[in-house]
Amino acid sequence: MKKYIPQTFEDALIAIWDQEGVYTPKDDSKKEKMYTLSMFPYPSGAGLHVGHTRIYTGTDVISRYFRMKGYNLLYPMGWDAFGLPAENAAIKAKKNPMDMVPQNIENFKYQMNKLGLAYNWSREFSTTDPEYYGMTQWLFTEFYKLGLLYKKNTPVYFCPTCKTGLAEEEVLPNGTHERCGNLITRKELPQWIFRITTYADSLLDGLKGLDWPNGILEMQKKWIGKKEGINIHYSIKNVEETVTCFTTRPDTNFGATFVVIAPEHHFVKRILSGEIAVDEKTKQEIEAYVATSLAKTDVERIAEGRKKTGAFTGFYAINNLTGREMPVWVSDFVLSGFGTGAVVGVPAHDLRDFEFAQQFGIEIIRVVSGKDGDVSPISKPEQVQEDAGTMVNSGFLNGLDIHDATQKIMDYLEEKGWGERVVSYHLRDWIFSRQRYWGEPIPMVYCESCALKNQSWFTTEQGNAFTKTHQTISKVDKELQNNMAGWFIIDQKTLPLELPYMESYEPTGTGESPLAQATEWVSVPCPQCGGAARRETDTMPNWAGSCWYFLAFAFWDKTKKQPVFDQEQIKKWLPVDWYVGGAEHAVLHLLYARFWMHVLNDLKFIDFREPFLRLRNVGMVLAEDHRKMSKSWGNVINPTDVVSEYGADALRVYEMFMAPFNQEISWSTSALQGAFRFLQRLWYLFHSETSMTDNEAEVNRKLRSKLYKTIEKVGNDIVEIKYNTAIAAMMEFLNDWEKNGPKLTREDAKKMLQILAPFAPFMTDEIWRNVFGEKESIHISTWPTFDRSQIETEELVIPVQVNGKTRSSVIIPIADANKDSVVKKALEEEKLAKYVQGREYDVIYVEKRILNFVVKG
RNA sequence: GCCGGGGUGGUGGAAUGGCAGACACGCCAGACUUAAAAUCUGGUACUAGCAAUAGUGUGAGGGUUCGACUCCCUCUCCCGGCACCA
């Protein structure tokens, strides 16, 4: 019999599929559209790893399924090739990334084809293609016009290894850079800032109706971090100064005994500059404290834990509610970037405030009662009461629940003009410039002489007109326009602004981009006055290209000339129906891409707001030793090696079978061999004389029923991304089919082949063509239908319990599966009789499922 | 500390109120073989028993139910995320 040797047909099929155009079908608008997408990869020099194969196979299965179900499918692939890893790899290899990236892409594509991934390659592009990044730049200019982007000197996170500024989201909790793993510092640099915060509410609202994993939704919510509270203004005794504190708990304000401001607070600056007079000793103390706390690295802050430090300013803030004079302290537990950079201390009801008060001997006043009306004084950290309760010692709030008290005091403070309700967010604006070579050049020009005349794009005729017509979306304010003096958008018709090829492009570390060295490229005439001007030399971050690539797939067509931003095609295909990728992008790519789409929707460029309707996460693939695969551990599995040894189908089936799709798995070569055996056993059955027949009389009816149940289960499991149980069901069917040579009709056998096709595209098409003589690929065949009446079997097995414990079971014709017959039959069983005989009992019968005798006494 | 996910045989896992352990890996025994690999057949939660069978069993304890891996409460451990966010 013909042996199962995948190497003898897999490569040939890749060529046949390509030649027949199996995966580049005619766009058929009569069918319902379906857009399936894996997060596109950064094409590293190392090639695909087995983690990639898991995401891509998972997306491939559902895509192939939907195509067979008759959907008009968009299932593309492309390359996210700008960014630090590509550039760092190129520096190491002493090459230009422009030369290296195409080689890496070639290799990735070759490996993907080897895996039998059914991409429509006519849609392929790389974010580094000038036609593509020209549009990324165009979008940048549109965002600029709206006032969402501006340049400013800003303290930023700075990676000394990568020598570039970074966004908040790129810094890991341990203070290292998300890409390179090295420690981060801070630096003040001129940066392009993307005002994502103006979309905080929009991004939060959009999460509502998304079919995404719970954890990812929660992480985005938390990252946006919306908090509703109130800013309370406290005037400072004997000085012309007001300190504003943000709080979500104004209900406790009768218990406020001190105020703490961040070391960066403007009041501190006024004291240190001598603008506000204090005695020399206090000034020196504050100076010393501020200096040490600003010099602290994040690592030192973390190491210090919760220990409270601080310095007294010598000033007092007046609490209008109580008339109390509250000492104003400086401490670094108050963060300058959150709220107002100042907090009011209520030590009885906030653990941090308590720790601070205890450290410096400040009075503690209880204003909320604890459990059972407890109003005892608070002197230990575990007594600090942050939970709900009833107000005490709080004047007109006494007796109220804290939530009612919060509303009442807010109304009161606003009425008196002592404060106003505000909403605060954790989300920060997005630092959007990188001082690196390998990214999209920012299409802006700076003209010194126009800057002196306070001219900018906003003062041009075009700028004026635009700002007027876009007032409802545009968040441009006067201050921002003044900040942008001298800055002009390059003529959009000249896009793409191509990245110059440079012999030497290493990062400088001075805060200046390597592009500044490309003197010819940098100097341009000013679009406004025509005088000498300079191009912006920073580039966009690696996230830029991935913020809209899923739109580009809708209209990209390699077989045609220069693509245009085709709103009709976008409308037709978007949003993405199924988006598959790792959970590591929870607050990076997935937040940024949503932000761009919200803006584009406001601009009416697109007719939807949320780009990804369904998100499914893939679990990591660990090494056989349960550690992460890594060159240094020497435990890396290369998928191409696996394919040459076992074939792509075995690898695919193995990775889909090992565990639920979203769960982490450890590599297991013996389990992979099990997947290979499964395919091999099927192969033999499809090549055996005795397993199939053309004679209806020889058909095994039970087997046919099992087949139809399996077809149904596999289809259901695929759309629930339960690939492991889909494969288990097919294995179960195989076991039945193998036993004692029961027969299927050839037509039924073909159905079995079809439901396996999304998982094992090579073997199934090989058999489809060579055993069944089909002329067209199995992959463009229609998902099997079946006669439902054939599913029902004639007999049922009904388990019989006594007091909920299973003691026996009865086999009964389905027509007789009513309570009386089942009970009668059960009582004939000797095993049962001994539990039931001579005793009183109730009977619970669940139609066709179970029988339970409830014996009394 | 807070948020999210989880704890089931030797291993990966299945079952989401109705026969716990499907399916697979591993292991044991057998067949084929000079032998090994491959392949095939049978067995494989734990305890007692030659066996039929009985008892126990889904992290721990309690509850709801005729019936709980599944629902509720308390606790515990593991994984992921966030964390001096006022």
Side-chain angles (χ1 to χ4, degrees), chain A residues 3 172-173 213-223 225 227 229-230 232 245-250 252 259-260 262 301-302 304-309 331-335 337-346 349-353 355-356 386 424-426 583-584 586-587 617 619-620 653-654 657-660 662-675 677-678 680-681 684 722 724-735 738-739 797-809 831 841-856:
Chain A
K3 277 191 166 172
L172 298 179
N214 229 333
I216 305 284
L217 288 174
E218 286 304 316
M219 279 159 76
Q220 288 223 352
K221 252 187 230 169
K222 195 144 190 193
W223 190 263
K227 288 219 169 73
I230 189 164
I232 306 177
C245 299
F246 175 74
T247 177
T248 55
R249 290 293 305 277
T252 61
V259 164
V260 187
R301 272 171 207 256
I302 290 163
E304 214 168 54
R306 298 182 62 97
K307 193 169 170 282
K308 296 292 178 288
T309 56
S331 175
D332 63 4
F333 88 87
V334 174
L335 310 174
F338 185 80
T340 56
V343 298
V344 53
V346 184
H349 304 289
D350 181 289
L351 187 59
R352 292 157 311 183
D353 294 351
E355 286 163 350
F356 192 83
E386 295 178 330
S424 134
Y425 298 90
H426 169 262
E584 68 274 14
V587 287
N617 286 141
M620 263 207 312
V653 167
Y654 159 70
F657 175 65
M658 269 307 277
N662 60 6
Q663 199 170 304
E664 191 174 86
I665 59 172
S666 294
W667 186 261
S668 158
T669 299
S670 49
L672 169 71
Q673 286 162 342
R677 277 200 289 272
F678 163 63
Q680 177 172 253
R681 281 160 62 202
Y684 284 135
K722 287 162 74 175
N724 55 331
T725 51
I727 291 169
M730 289 188 277
M731 287 174 167
E732 241 181 281
F733 174 74
L734 165 67
N735 289 343
E738 258 181 351
K739 290 236 166 62
V797 180
I798 305 219
V800 181
Q801 302 184 324
V802 177
N803 292 338
K805 275 195 198 299
T806 306
R807 295 296 178 183
S808 178
S809 62
K831 270 192 276 180
Y841 57 83
D842 285 336
V843 176
I844 299 217
Y845 177 64
V846 182
E847 184 84 15
K848 294 179 188 172
R849 298 215 73 150
I850 202 153
L851 178 69
N852 190 8
F853 289 100
V854 186
V855 178
K856 290 173 181 169

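No hydrogens, no waters, no symmetry mates; every other heavy atom, side chains included, goes into these values. Chain naming here is simple, since letters A, B, ... match the order of the sequence lines and numbering starts at 1 in each.
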On the nucleotide [N], are OP1 or OP2 found under 4.0 Å from the side-chain N or O atoms that [X] carries?
X         : N      : result
Asn735(A) : A22(B) : no
Arg849(A) : G17(B) : no
Asn214(A) : G5(B)  : yes
Arg677(A) : G26(B) : yes
Thr806(A) : A20(B) : yes
Arg807(A) : G55(B) : yes
Lys227(A) : A86(B) : yes
Asn803(A) : G67(B) : no

Counting only N and O atoms by type, is there a donor-acceptor contact under 3.5 Å from the side chain of His349(A) to the main-chain atoms of Glu386(A)? no
What nucleic acid atoms does [X] come within less than 4.0 Å of, heavy atoms only: base, sugar-phosphate, or nothing?
X         : result
Lys722(A) : sugar-phosphate
Gly225(A) : nothing
Pro213(A) : nothing
Thr725(A) : sugar-phosphate
Phe678(A) : nothing
Val854(A) : sugar-phosphate
Val334(A) : base

Inter-nucleotide [atom1] distance ([N], [M]), Å rounded:
N      : M      : atom1 : result
A45(B) : A36(B) : C1'   : 33 Å
A24(B) : U39(B) : P     : 14 Å
G30(B) : C79(B) : C1'   : 43 Å
C82(B) : A14(B) : P     : 27 Å

Where the side chain of Val846(A) is defined as all heavy atoms beyond and including C-beta, which of C25(B), G81(B), G18(B) is the nearest nucleotide?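 Taking heavy atoms from C-beta onward, the closest nucleotide is G18(B).
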Nearest to the side chain of Ala659(A), which nucleotide is it out of G26(B), A54(B), G12(B)? G12(B)
Symbol by symbol from the 5' end, with Watson-Crick or G-U pairs under 3.5 Å, [ ] crossing and | another strand, RNA chain B is (((((((..(((.....[....)))((((((.......))))))((((....))))..(((((..]....))))))))))))....
Is the positively charged end of Lys227(A) above the ring of Tyr425(A), judged by distance under 6.0 angstrom from the centroid and angle within 45° of the axis? no
With a 4.5 Å limit on heavy-atom distance, are the side chains of Met658(A) and Tyr654(A) in contact? yes
Indicate the ring-plane relationship of Tyr841(A) and Phe853(A), choosing parallel, tilted or perpendicular according to the 30° and 60° boundaries. perpendicular
